[in-house]
Each structure stands twice: as structure tokens, then as C-alpha cells.
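Since the structure comes first, as C-alpha cells, the remarks are kept for the end.
In what follows, chains are A, B, ... by sequence order, proteins preceding strands, each numbered from 1.
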Amino acid sequence: MDLYDNQKSTSKIKRDASVNDRIPDGLFLACPYCGVQMYNKQLGEHRVCAHCGYGFRLQARERVALLTQSFEEMDSDIEIVAPDFPGYADKLARAKSQTELGESVLTGIATIEDAKVALGIMDSYFMMGSLGSMTGEKITRLFEYATEKKLPVVLFTASGGARMQEGINSLMQMAKVSAAVAQHQEAGLLYLVVLTDPTTGGVTASFAMQGDITLAEPHALVGFAGARVIESTIHEKLPKDFQRVETLLENGFVDKIVPRPELGHVISQLVKLHYRAEA
Amino acid sequence: MAVNIGLKLFKHEPTPAEVVKKSREDRFFAREIIDGVFNDFIEFHGDRQSGDDMSVIGGIATLNDKPVTVIVIDKGTDIHDKLSKRNGSPEPWGYRKAQRLMQQANKFHRPIVTFINTPGAFPGKTAEVQGQGEAIAKSILESMKLAVPMISIIYGEGGSGGALALATTDQVWMFQNATYSILSPEGFASILWKDSKRSEEAAAVMGLTPKDLLEKNVIEYVIPESRNHPRVFNLIRKKLDDEFSLLNELSPEELIQKRRARFRAF
Ligand SMILES: [Zn+2]
């Protein structure tokens with residue numbers, strides 16, 4: 001299929017639609033990581049805690065606006081046909097209107113400080129960023145398109161795990177995306193993962209851990225099993241930062257933790273180091 | 001294509017909840033399957049990085065005189081054995097042992113058979129520290145690149161990513177009373193309905209039986225069970241031999257392409 005048919009410019013993003021823009025500037029918020037309280041306004045445009053550097057959760061379209069100089073959306077019309085699990089259709093409808101997305105990931109071709117990349121951004125506001133079959137479809141197509149056009153893939157992960165309502169089809173997405181990652185890898189192309197808060201379950205056990213380079217935002221929670229499941233299995237309390245990326249870095253699973261305002265620069269730098277001729 | 005005459009032989013159609021119950025019973029033991037289906041099994045240990053997970057048995061054997069790599073998740077036999085194997089929940093180094101043996105099979109052009117029976121990858125502290133997510137992710141990714149025929153057989157529980165890690169193969173088969181699902185019915189009910197007691201209801205809507213999964217093309221074949229275990233093992237041996245012979249006719253490129261396309265269809 002011709003992917004250009006599905007591309008739609010989103011340069012005029014309706015910023016007033018985002019969850020975060022509806023929070024009044026004068027509202028007092030506590031940082032989910034360090035607990036320090038601050039005015040919403042103090043988070044700045046990147047929505048970062050001034051005390052600890054934690055990046056508050058962003059919607060995919062907010063991140064596109066912050067990160068990219070241009071963005072052409074792909075596959076915006078892809079969404080699941082006839083969700084038949086009880087209550088699923090309603091949940092999807094709510095998620096769609098809240099995020100202005102058809103699924104829990106936004107994909108497209110972007111420029112990040114002059115670096116051209118195939119960009120995917122998962123949205124934790126869309127059913128917890130769960131891995132639906134159309135989430136997997138959009139990410140798979142992103143890799144396929146990138147392989148064909150010899151582009152690097154930059155993927156921001158955020159996911160609560162499987163999409164329960166889709167059952168085994170959700171599980172199969174882990175394999176489907178992995179097959180496309182393998183193809184992209186064999187073409188000698190760069191796959192850069194950015195782990196954001198939270199990345200768990202099936203996404204951690206597949207494409208979030210398959211990158212050539214793995215970046216992460218400060219204090220993002222990343223893990224396979226849920227903390228409560230682990231605690232009830234081993235009958236002990238987990239240390240405070242057990243599944244935070246700082247711990248994952250110590251354990252050898254993250255290359256670099258990058259504060260949100262610097263991400264664009266680091267990504268473009270890394271992309272250019274891999275594609276000197278085109279840079 | 002696999003023909004599934006097995007289904008028609010079943011006298012009584014069990015409910016999904018009944019299948020879940022049976023899938024968790026000790027119907028077939030790991031060692032019994034290995035000895036029943038293969039000859040000359042030689043077990044290999046360790047992932048060469050951090051240890052040896054006994055819940056993943058691996059090694060080489062012969063299938064009708066031809067060498068194959070065999071990888072089996074083992075729930076254990078008695079209570080001590082089950083505890084030491086966490087009831088068949090592999091640690092990251094179990095998946096890495098499997099990866100090592102799969103790479104070895106690839107180097108020596110041997111087909112790979114995996115037998116799966118797990119409630120899921122172990123949700124432990126050390127498992128997280130050692131990268132359970134990465135271990136599964138890599139098993140899946142590497143499986144997509146191996147140029148040898150691969151068949152996986154779920155013989156009990158096929159629990160989530162922990163099962164998928166060894167089931168990204170050219171064909172996936174299931175025993176008649178096995179299950180394969182995104183989560184246990186108890187977990188499913190507690191997440192979606194905040195009530196783990198509604199597990200029977202969950203089992204009914206999850207589509208986790210071999211029959212459901214065959215309809216969705218998640219699996220290719222259902223192995224009829226019998227109290228006569230040698231009969232079941234003979235059937236598996238013959239069927240594996242037949243399917244490996246067919247898969248061996250494909251070029252390495254075609255084989256990998258078909259495997260990827262199999263999962264692309266979801
Ligand atoms: Zn903070």
C-alpha cells in the first residue's frame with residue numbers, strides 16, 4: 001500500500017485539546033516522582049520537575065510539538081474495526097477523543113534538528129498506552145516504511161502492557177513488531193529507543209528492549225512485571241527506585257539518561273553520527 | 001497445511017474453564033516428553049553469562065535418527081522440584097540459555113523444537129535486575145532471524161510473554177488440554193473486572209483454548225491427548241518429522257520470510 005495516502009500534516013496541532021493544557025497555570029501539583037509541590041506554570045513547556053528533573057507524562061501530540069521541526073503523520077486513519085469485547089468500544093471512543101489519536105501510538109516522518117527520522121510516540125493517555133493490534137500495526141508499518149526508505153527509527157515507548165480486551169492478538173503484536181525490527185536491523189539501519197514513564201509488560205518484553213541505542217527520560221518507570229506482582233511473589237518490599245531507569249542503567253539495560261529538554265539535540269546528534277553522508 | 005482431524009475425535013467438548021484446570025494438572029512431565037519423543041537426549045546447561053535455570057531444559061537429541069535441538073520448560077515433578085523451578089516460570093538466564101542453544105542449532109543447521117508449559121516468566125526481584133524484559137525481547141527478535149526450522153508445542157499453560165519467548169516459530173502446536181493466553185484468567189478478571197473470582201467467566205471470553213486459537217490461526221495443529229502416552233509421543237515424533245522435512249525444502253531466506261509473514265498477519 002502507498003503510505004503517502006495516509007499521511008496528513010499535523011502542523012496545526014490543536015494544543016487546547018491536550019490533557020495538560022487544560023490544567024490551569026495557577027494549579028498546585030506534586031511531582032509524581034519526588035513529591036515536591038509546584039505551580040503547574042513552573043513545569044515550563046517541557047513539563048519537567050524543577051526539583052528532580054522528572055518529565056511529567058506527555059500526550060503524543062504534545063511531544064511532537066516539543067520535539068520536532070516538522071512532522072507528517074502516517075496511518076492516521078488506522079483503527080480497530082469492530083471491537084467486540086464488552087465495554088471496549090466505549091473505552092476506545094473516550095481514548096480517541098482525549099488524545100486525538102486512532103490508537104495508542106502516533107507515527108510519522110519527522111525532522112528533529114535537521115535529522116530526518118521515522119518517529120513513533122506512544123501515548124499513555126490512550127488506554128494506558130496498551131499494546132492493541134492497531135498499535136502494533138502502526139509501529140510495524142513505521143519500521144517497514146523506514147526499511148524501505150532507509151530511515152532510522154526513533155521510538156518513544158510508554159505502555160501499561162498488553163491490551164487485555166484484545167486477548168491473544170495483543171500478545172502477537174510483540175512478535176509482529178519484532179519481525180519488522182529484525183528486517184530493519186538487517187538493513188543496517190539505526191533503531192533508537194527512548195524509554196519514557198511508564199514502560200512495562202509486553203512492550204518492555206519486546207520492541208522497547210530491541211534498540212541499538214536505548215535512551216531514557218529521568219526517573220521513568222521501566223520494568224517487565226508490576227511492582228505489586230513482584231512484591232506478592234517474593235513477599236518483600238521493593239526498594240524505592242527498583243524499576244526506575246537510573247537502576248536499569250546501573251544494571252546495564254540503558255545507554256544514557258537524557259533530560260527532556262536535551263532529547264532533541266541528543267537524538268539528532270546520534271542520528272547524524274550514523275548517517276554522515278545524508279546529514 | 002496441518003490437518004486437524006484430532007478435534008473431531010473428542011467426545012465431550014470441555015468448557016474453557018475445564019481446559020484451564022486440566023492445563024495446570026501434571027498430565028505430561030517434561031522429561032517424559034523428551035524421552036518419549038526423542039532418542040539420545042544429551043542435556044546442556046547454562047547461559048554462559050549468569051547461571052543455569054533448571055526450569056528450562058535444553059540439549060540435543062535425535063528425532064528419527066536426525067539431530068534436533070530440544071528446549072523444554074519444566075514445571076517440576078514433586079513439590080521441591082516445583083519450588084526450585086518456580087512452577088515452570090523461567091528466569092532471564094533460562095531464556096538466555098534457550099537463546100544460546102537456538103544460536104547453536106542455527107550454526108549446525110539443526111531444527112529446533114520447544115515444549116512450553118509456563119504460567120509466565122518469573123516476576124521476581126532478581127529477574128527484573130537481570131532484565132526479564134530484555135531476555136524475552138531478545139528471544140523473540142533472535143527467533144525471527146534463525147535459518148533453521150522451528151516448531152513449538154504448548155503442552156500445558158502457555159502464559160503470556162514468557163511462553164511467546166519460545167513460540168515465535170514456524171509452527172505452533174498445542175496439546176488438546178493446553179491453553180495459550182495474554183494472562184491467566186484470574187489475572188485477566190482482576191485487571192478488567194477487579195475481581196479475580198470471576199476467572200471462569202474470564203476463561204470463557206479470553207479465547208484461550210486450542211479450538212479458539214486454531215480458528216484464529218494462532219496455532220497450526222492440536223495434538224489429541226490420550227492416557228496412552230506412548231501413542232501421543234509417537235504421533236508427535238511422526239508429525240515433527242513430516243513437518244521438518246517440508247520446512248527443510250525451503251531456502252533459509254524463504255523460511256525466515258514465511259516465519260515473519262506468519263506473525264505479520266496479526
Ligand atoms: Zn520531582
Side-chain angles (χ1 to χ4, degrees), chain A residues 85-87 131 133 136-137 140 144 161-183 185-186 199-210 214 222-227 229-234 236 238-239 242-243 247-248 250-253, chain B residues 86 89 92 95 120-145 158 160-165 167-169 180-183 187-188 191-193 202 205-208 212-213 216-219 256-257 259-266:
Chain A
F85 194 85
L131 183 55
S133 51
E137 182 64 26
T140 300
E144 288 170 347
R163 178 81 49 88
M164 296 301 156
Q165 292 87 346
E166 291 190 26
I168 200 81
N169 278 343
S170 174
L171 191 70
M172 293 298 118
Q173 301 313 306
M174 295 164 65
K176 180 168 99 179
V177 175
S178 297
V181 172
Q183 201 92 15
Q185 224 175 40
E186 282 164 0
T199 297
T200 63
V203 169
T204 300
S206 59
F207 50 87
M209 290 290 153
Q210 294 169 346
T214 308
V222 176
F224 171 64
V229 174
I230 299 170
E231 286 178 342
S232 75
T233 304
I234 61 169
E236 67 178 271
L238 293 171
F242 186 64
Q243 290 182 319
T247 306
L248 268 81
E250 259 176 53
N251 292 336
F253 294 99
Chain B
R86 301 159 304 278
S89 302
Y95 292 112
F122 189 59
K125 193 174 169 184
T126 318
E128 287 290 315
V129 169
Q130 298 271 330
Q132 189 69 283
E134 193 274 345
I136 295 170
K138 192 166 185 186
S139 289
I140 299 170
L141 185 62
E142 294 308 309
S143 298
M144 292 295 171
K145 301 176 188 170
S160 195
L164 180 73
T168 40
T169 49
Y180 190 17
S181 60
I182 187 76
L183 190 67
F188 188 90
I191 287 182
L192 269 185
W193 304 321
V205 298
M206 286 173 75
L208 44 63
D212 293 325
L213 295 163
K216 288 186 180 171
N217 298 318
V218 172
I219 63 168
I256 290 170
Q257 204 46 53
R259 188 180 308 141
R260 291 178 187 174
R262 183 191 186 279
F263 291 96
R264 181 67 184 88
F266 299 99

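Between chain A and the residues E142(B), K145(B), Q132(B), R86(B), the largest count of heavy-atom pairs under 4.5 Å involves K145(B). Put simply, of E186(A), K176(A), Q183(A), the one with the most heavy-atom pairs under 4.5 Å next to chain B is K176(A). With respect to chain A, the highest number of heavy-atom pairs below 4.5 Å among M144(B), R262(B), R260(B) belongs to R260(B). Comparing A225(A), S232(A), G226(A) by how many heavy-atom pairs each has under 4.5 Å with chain B, the most go to A225(A).
Side-chain contact between R264(B) and E144(A) is present, with at least one heavy-atom pair separated by less than 4.5 Å. Looking at heavy atoms from C-beta onward, M172(A) lies in side-chain contact with L164(B) at the 4.5 angstrom threshold. In this structure the side chain of S206(A) never reaches within 4.5 angstrom of the side chain of I136(B), judged on heavy atoms. In this structure, Q210(A) and K138(B) have side chains that are not in contact, with every pair of non-hydrogen atoms separated by 4.5 Å or more.
With I168(A) as the fixed residue, the side chain to side chain contact (heavy atoms under 4.5 Å, CB included) test singles out one of I182(B), L213(B), L208(B): L213(B).
Contact of T233(A) with chain B is made through the side chain alone, with heavy-atom distances under 4.5 Å. Contact annotation for T168(B): only side-chain heavy atoms (C-beta onward) come within less than 4.5 Å of a heavy atom of chain A. In this structure, the portion of E236(A) lying under 4.5 Å from any heavy atom of chain B is its side chain and not its backbone. Proximity to chain B (any heavy atom under 4.5 Å) is restricted, for I234(A), to the side chain, taken from C-beta onward. Only the side chain of Q185(A) comes within contact range of chain B, judged by heavy atoms closer than 4.5 Å. Contact annotation for Q130(B): only backbone heavy atoms (N, CA, C, O) come within less than 4.5 Å of a heavy atom of chain A. Residue contact with chain A, scored on non-hydrogen atoms closer than 4.5 Å, involves the backbone and the side chain of V129(B) alike. For F242(A), the part sitting under 4.5 Å from any heavy atom of chain B is the side chain, from C-beta outward, and nothing else. With a 4.5 angstrom heavy-atom cutoff, L141(B) touches chain A via backbone and side-chain atoms both.
Using a 4.0 Å cut-off between charged nitrogen and carboxylate oxygen, E166(A) and K216(B) do not count as a salt-bridge pair. A salt bridge between E231(A) and K125(B) is absent, with no side-chain N of the basic residue lying under 4.0 Å from a carboxylate O of the acidic one.
F188(B) and F85(A) have perpendicular rings, their planes meeting at more than 60° on a 0 to 90° scale where under 30° would count as parallel.
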